[in-house]
**Q** 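Quick one: this structure, given as structure tokens, is what I'll be asking you about.
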Amino acid sequence: MWDFNLNLVNVPFDIGYTLDSGQAFRWLYQGGSWYGVVGRGVLKVRQEGFTLFCSSSSEELDARFIHSYFRLNDDFEAILSSIPKDETMNDAFQRFRGLRLIRQEVWECLLSFVISTNTNIPRIKGMVSNLCEKFGERVSFDGLEYRLFPTAERLAGASVQELAACGLGYRAKFVRDISWTVDSGSVNLDELRLQDYPKAREILLERVLEKKTFLGIGRKVADCVLLFSCDKDEAFPIDVWIARALARYYPRLFNEEVVARLNSKLSGRSSLSAKTYDEISETARAYFGRYAGYAQQYLFYYARKGTG
DNA sequence: AACCAGGTGAGGA
DNA sequence: TCCTCACATGGT
């Protein structure tokens, strides 16, 4: 076990808001500390004011890793000052100051958000947990057993039935298909980090001979992967909560027809067409700026936590 | 008991 | 390109 502390003076960071904001699904808050399985080990983090008290199961999970994972070197003030301080953003920044985007591993993020479609956050956590429990490698930390996130190789060897038994439902075949694709080596996920946003997005949404490279990844999931694991801070994922928030707080950015579409998404089973998604996404990017993804994450948490 | 959930793919107009 | 619908399941 490795113990170390990080000093966060002049580094706005709130681990609670950050880990509770629906970006990552494997962190658990218990007895005043956050426990997470990241990379090939376990991390325990407790924040007290400007200090982060950390324990980890392996020496790879050191202070440098923490800085990278929680993006503590990002210029937070520069990011905030680039985002328009309208009434909504002002309120959100004030209430949830310290909420940050985190930098996850691409494979885990990608598979987690494929699993995230058409369900709720508690259940996403459950499904991911089941998947890790069944297919992840064991690690022990502080007297307890944990499981690593399963590799593509391991999942590629699983049957759809075994995957479905984790509660994945219809998502099981997507998980297997993507695991096959990644395990085959025909795509390199780390390449996504090297490309710019449009190109990386194109790769995720690519079709070869009418068949998708990544079955189960549409615009919203692609944006989540690019934002939460590939440093594409202009990505602006639009889910039901964001649609709801845009219709409620930002109708002025859109014409009547688009507002109607946003409203129809938040009631009933309808989803945004590809074209409408792109249109709204572009508008949001133009308004919120090159760190639109940060604004999106505040808006998401703001919408979920209520405005009162 | 319906309804909802960090949507997407398939199929047809 | 667009719209409509099925999809599995558990939380509320």
Side-chain angles (χ1 to χ4, degrees), chain A residues 17-27 99 101-102 104 108-131 160-178 181 201 204-229 232 235-247 257-258 260-281 284 292-306:
Chain A
Y17 294 150
T18 300
L19 293 178
D20 184 47
S21 67
Q23 303 177 60
F25 304 105
R26 297 204 69 204
W27 286 88
L99 167 59
L101 293 174
I102 59 180
Q104 303 179 48
E108 174 172 342
C109 187
L110 183 146
L111 211 65
S112 296
F113 278 95
V114 165
I115 288 170
S116 80
T117 64
N118 200 22
T119 188
N120 52 57
I121 291 176
R123 192 172 158 229
I124 297 165
K125 290 178 178 174
M127 289 187 281
V128 172
S129 171
N130 291 341
L131 202 65
V160 171
Q161 197 172 22
E162 285 178 295
L163 293 167
C166 294
L168 298 188
Y170 67 88
R171 303 165 191 80
K173 62 178 183 297
F174 296 157
V175 167
R176 192 180 65 163
D177 194 90
I178 289 177
T181 300
R201 181 174 180 275
L204 284 172
L205 299 177
E206 190 178 32
R207 281 172 189 277
V208 181
L209 300 175
E210 296 295 301
K211 192 185 180 314
K212 294 203 65 167
T213 307
F214 298 104
L215 204 61
I217 296 190
R219 283 164 167 70
K220 189 271 174 184
V221 171
D223 277 335
C224 286
V225 173
L226 295 173
L227 183 61
F228 301 139
S229 72
K232 306 303 177 239
F236 192 90
I238 303 166
D239 72 322
V240 290
W241 293 95
I242 291 296
R244 193 176 289 166
L246 290 175
E257 189 195 339
V258 170
R261 288 182 192 280
L262 283 168
N263 277 313
S264 76
K265 178 168 174 57
L266 61 89
S267 65
R269 277 277 170 280
S270 62
S271 55
L272 300 172
S273 71
K275 189 178 177 184
T276 305
Y277 185 103
D278 290 346
E279 190 182 340
I280 295 168
S281 186
Y294 259 98
Q296 183 276 162
Q297 197 58 20
Y298 272 86
L299 196 56
F300 179 74
Y301 201 56
Y302 189 70
R304 302 239 353 172
K305 289 296 169 183

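In what follows, chains carry the letters A, B, and so on, assigned in the order in which the sequence lines appear, proteins first and then strands, with residues in each chain numbered from 1.
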**Q** Counting just side-chain N and O atoms, does Arg244(A) come under 4.0 Å of either OP1 or OP2 of dA5(B)?
**A**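 It does, given that an N or O in the side chain of Arg244(A) lies less than 4.0 Å from OP1 or OP2 of dA5(B).
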**Q** Measuring from the side chain of Tyr170(A) (C-beta onward, heavy atoms only), which nucleotide among dA5(B), dC7(C), dG6(B) has the closest atom?
**A**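 Taking heavy atoms from C-beta onward, the closest nucleotide is dC7(C).
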**Q** Return the value, rounded to whole Å, for the distance between atom CD1 of Ile102(A) and atom P of dG6(B).
**A**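 Rounded to the whole Å, the gap is 17 Å.
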**Q** Distance check needed: dA5(B) P versus Trp241(A) CH2, whole Å only.
**A**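 Taking atom P of dA5(B) as the reference, CH2 of Trp241(A) is at 6 Å.
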**Q** When you measure from the side chain of Asn118(A), which nucleotide among dG9(B), dG6(B), dA8(C) comes out closest?
**A**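 From the listed options, dA8(C) comes nearest.
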**Q** Does OP1 or OP2 of dA8(C) have a side-chain N or O of Lys173(A) closer than 4.0 Å?
**A**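 True: Lys173(A) side-chain N/O within range (under 4.0 Å) of dA8(C) OP1/OP2.
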**Q** Touch check for Leu272(A), heavy atoms < 4.0 angstrom, all strands: base, sugar-phosphate only, or nothing?
**A**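 Result for Leu272(A) = nothing.
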**Q** Give the rounded distance in Å between these two atoms: CD1 of Ile115(A) and C1' of dC7(C).
**A**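 Between C1' of dC7(C) and CD1 of Ile115(A): 16 Å.
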**Q** Tell me if the aromatic rings of Tyr298(A) and Tyr17(A) count as close, with their centers under 6.0 Å from one another.
**A**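 No; Tyr17(A) has its ring centre 6.0 Å or more from that of Tyr298(A).
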**Q** Touch check for Gly22(A), heavy atoms < 4.0 angstrom, all strands: base, sugar-phosphate only, or nothing?
**A**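 Gly22(A): base contact, heavy atoms under 4.0 Å.
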**Q** In this structure, how many angstroms lie between the P atom of dC4(B) and the CD1 atom of Ile124(A), rounded?
**A**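 Atom CD1 in Ile124(A) sits about 17 Å away from atom P in dC4(B).
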**Q** Could you state the NZ-C1' distance from Lys220(A) to dG9(B), rounded to the nearest angstrom?
**A**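 In whole Å, dG9(B) C1' and Lys220(A) NZ are 17 Å from each other.
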**Q** Just call it for Val221(A): base, sugar-phosphate, or nothing, with non-hydrogen atoms closer than 4.0 Å on any strand.
**A**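 It contacts sugar-phosphate atoms only.
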**Q** Does Arg261(A) place a side-chain N or O at less than 4.0 Å from the phosphate oxygens OP1/OP2 of dC3(C)?
**A**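 The answer is yes; a side-chain N or O of Arg261(A) sits under 4.0 Å from OP1 or OP2.
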**Q** Under 4.0 Å between any heavy atoms, over every strand shown, what does Phe25(A) touch: base, sugar-phosphate, or nothing? Just pick one.
**A**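 No contact.
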**Q** May I have the distance from Asp278(A) (atom CG) to dC2(C) (atom P), rounded to whole angstrom?
**A**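 It is 9 Å, rounded to the nearest whole Å.
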**Q** Could you state the atom-to-atom distance from CG of Leu168(A) to P of dT8(B) in whole Å?
**A**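 Whole-Å distance recorded here is 17 Å.
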**Q** Could you work out the separation of dG9(B) and dG10(C) based on their C1' atoms and round it to a whole Å?
**A**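 Nearest-Å result for dG9(B) against dG10(C) at atom C1': 23 Å.
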**Q** Rounded to the nearest 0.5 Å, what's the gap from CG on Asn118(A) to OH on Tyr170(A)? Could you check?
**A**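 If we round to the nearest 0.5 Å, Asn118(A):CG and Tyr170(A):OH are 4.5 Å apart.
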**Q** Could I get the full list of side chain to side chain donor-acceptor pair (under 3.5 Å) partners for Arg261(A), not counting sequence neighbours?
**A**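 So Arg261(A) forms a side chain to side chain donor-acceptor pair (under 3.5 Å) with Glu257(A).
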**Q** How is Ser21(A) classified with respect to the nucleic acid when contacts are heavy atoms under 4.0 Å: base, sugar-phosphate, or nothing?
**A**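 Here Ser21(A) touches the bases of the nucleic acid.
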**Q** Decide yes or no for Phe174(A) and Ile217(A): does some side-chain heavy atom of the first lie under 4.5 Å from some side-chain heavy atom of the second?
**A**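 Side chain of Phe174(A) against side chain of Ile217(A), heavy atoms only: no contact under 4.5 Å found.
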**Q** Carefully, step by step, assess Lys220(A) and Ser116(A) under the rule side chain to side chain contact (heavy atoms under 4.5 Å, CB included).
**A** CA-CA 10 Å; Lys220(A) 189 271 174 184; Ser116(A) 80; 4.3 Å; yes
**Q** Within the 4.0 Å heavy-atom criterion, would you say Arg219(A) contacts the bases, only the backbone, or no part of the nucleic acid?
**A**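 Sugar-phosphate contact only - Arg219(A) comes under 4.0 Å of backbone atoms but never of a base.
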**Q** Send over the distance from Leu110(A) CG to dT8(B) C1', rounded to a whole Å.
**A**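 These atoms are roughly 14 Å apart.
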**Q** Is any N or O donor-acceptor pair between the side chain of Tyr277(A) and the base of dG7(B) shorter than 3.5 Å?
**A**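 Counting by modelled atom types and ignoring angles, no donor-acceptor contact under 3.5 Å is found here.
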**Q** Which distance, rounded to the nearest 0.5 Å, do you find between the CD1 of Ile238(A) and the OG1 of Thr276(A)?
**A**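 If I round to the nearest 0.5 Å, the distance is 9.5 Å.
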**Q** Please measure how far the P atom in dC3(C) lies from the corresponding atom in dG6(B), and state the result in whole Å.
**A**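 One P to the other, the span is 25 Å.
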**Q** Which sits closer to the 5' end of DNA chain B, Gln297(A) or Leu215(A), going by the nucleotide each is nearest to?
**A**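 Between the two, 5'-proximity favours Gln297(A).
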**Q** Give one of base, sugar-phosphate or nothing for Thr119(A), where a contact means two heavy atoms less than 4.0 Å apart.
**A**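 Since a base atom lies under 4.0 Å of Thr119(A), the category is base.
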**Q** Check this for me: Lys211(A), atom NZ, are more than 12 non-hydrogen atoms of other residues, nucleotides or ligands nearer than 6.0 Å?
**A**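 It does: Lys211(A) NZ has more than 12 such atoms within range.
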**Q** Applying the 5.5 Å / 30° rule, does Phe113(A) stack onto the base of dG6(B)?
**A**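 No; by the centre-distance and plane-angle rule, Phe113(A) does not count as stacking on dG6(B).
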**Q** Establish, with yes or no, whether the OP1 or OP2 oxygen of dG6(B) is under 4.0 angstrom from a side-chain nitrogen or oxygen of Arg304(A).
**A**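 Yes, within the criterion.
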**Q** Starting at the 5' end of DNA chain B and moving along, which residue's nearest nucleotide shows up first, Ile238(A) or Lys212(A)?
**A**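 It is Ile238(A), whose closest nucleotide lies nearer the 5' terminus.
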